[in-house]
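Each chain gets a letter, A, B and so on, in the order the sequences are listed, and its residues count up from 1. Both backbone and side-chain heavy atoms feed into the values below; hydrogens, waters and symmetry mates do not. Remember, it's a predicted structure, so these values are computed and weren't measured experimentally.
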2 protein chains.
Amino acid sequence: MDRVDKILSQWQRERPDLDVEAMAILGRLKRLTTHLGREVEQVLLQHGLSSSAFDVLATLRRSGKPYRLSPGDLLAMTMVSSGTMTNRIDQLEKAGFVERVLNPDDRRSVLIALTENGFAAVEATVGAHVANQQRLIENLSDEDKAALDALLRKFLAKFE
Amino acid sequence: MDRVDKILSQWQRERPDLDVEAMAILGRLKRLTTHLGREVEQVLLQHGLSSSAFDVLATLRRSGKPYRLSPGDLLAMTMVSSGTMTNRIDQLEKAGFVERVLNPDDRRSVLIALTENGFAAVEATVGAHVANQQRLIENLSDEDKAALDALLRKFLAKFE
DNA sequence: AGCATTTATCTTGACGTCAAGACATATCAT
DNA sequence: ATGATATGTCTTGACGTCAAGATAAATGCT
């Protein structure tokens, strides 16, 4: 009887006609992701990066040398709107973690380049971040983790 | 090879020392919840309610007669901060969906009461909302749904 | 070549969220 | 009783996000 069960039982009492099976799954997913997001953010903030800043820096870092992508590329990889990406890049540029470099091949476009400081910030953070992610799933068994990942993959396939 | 697999393989190439198992699960969870949240919001907006507005109205509705809870009660049930709840109540009060009623038992406190219009708004929306939730999970088999729900329950237990 | 369309990025204005702290009232300990 | 502490709600200021549209350059069509 967790919190989601309480919500479901309230609906059952008030609206017994509603089928709440889907609500259970979506409710647990949402609550879980909220908790996980907060835990992840805590560790990143301890290293001086917001989740959204880390999201961009990590995308550039894992793209490999020369650690440059256009805003459009970043957009396609990060599930945010173009306005949000402009804002993120502005913040990171102010902080000195990225630079806007003119794209010689297309003057509409620009390349976002990780600076030395930006590279260093990712490298100083990603280890603790990954360790934290491992901690967050540690109460699942190996079988649970494999089963959960497989189910999420199947579920996610409907949307992307 | 979904989008999360692409991210993992980039990390593998750039940082083969990192164990990305946890990143896979948390990444799929986050992407999935983002997609689901957008789908849910679309349907609610078609009925004139934001997700956050529906969240409060539905909490009052399923609490049963007389459809009144204190801001603190609402807070405890909805995973938001007190400032956020004040803001939500302000919006709903302006829209005429709830009223602030003085609590005779504790003058620090106030009760948030669903108005007739607020009740009607929930009742007009909840059916489509639940149907939409069912649609969103329809590509999972019955066994998948049961297994996923069980895993999420176990995972969530670590946090609440 | 020249015009229309498409692509890439940025701007604007609105919203939802939070942490920290302010304020009023209630409760507790003596 | 009364002073200290706890509780309940609201305020403030800062962020992150989005949709819609503005701007500029590239591409395609004739």
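Sorted by first and then second residue, the pairs that involve residues 138-160 of chain A and meet ring pair (Phe, Tyr, Trp, His ring centres under 6.0 Å), not counting sequence neighbours, are A:Phe159-B:His35. Among residues at least two apart or in separate chains, ring pair (Phe, Tyr, Trp, His ring centres under 6.0 Å) pairs with a member in residues 123-143 of chain A are A:Phe54-A:His129. Applying the salt bridge (Lys or Arg N to Asp or Glu O under 4.0 Å) test to residues at least two apart or on different chains, the pairs with a partner in residues 40-56 of chain A are A:Asp55-A:Arg88. The list of ring pair (Phe, Tyr, Trp, His ring centres under 6.0 Å) pairs with a residue in residues 5-27 of chain B, not counting sequence neighbours, is empty. Residue pairs meeting the ring pair (Phe, Tyr, Trp, His ring centres under 6.0 Å) criterion with at least one partner in residues 66-99 of chain A, sequence neighbours excluded, are A:Tyr67-A:Phe119.
The interatomic distance linking A:Asn103 (CG) with C:dC10 (P) rounds to 12 Å, in whole Å. Distance, A:Asp105 CG to C:dT7 P: 18 Å, rounded to whole Å.
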#### Entry: Reading 5' to 3' through nucleotides 5-18 of chain D, protein heavy-atom contacts under 4.0 Å coded B for base, S for sugar-phosphate only, - for none
--BSSBB----SBB
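Phosphate contact (OP1/OP2 of D:dA24, side-chain N/O of A:Arg107, threshold under 4.0 Å): absent.
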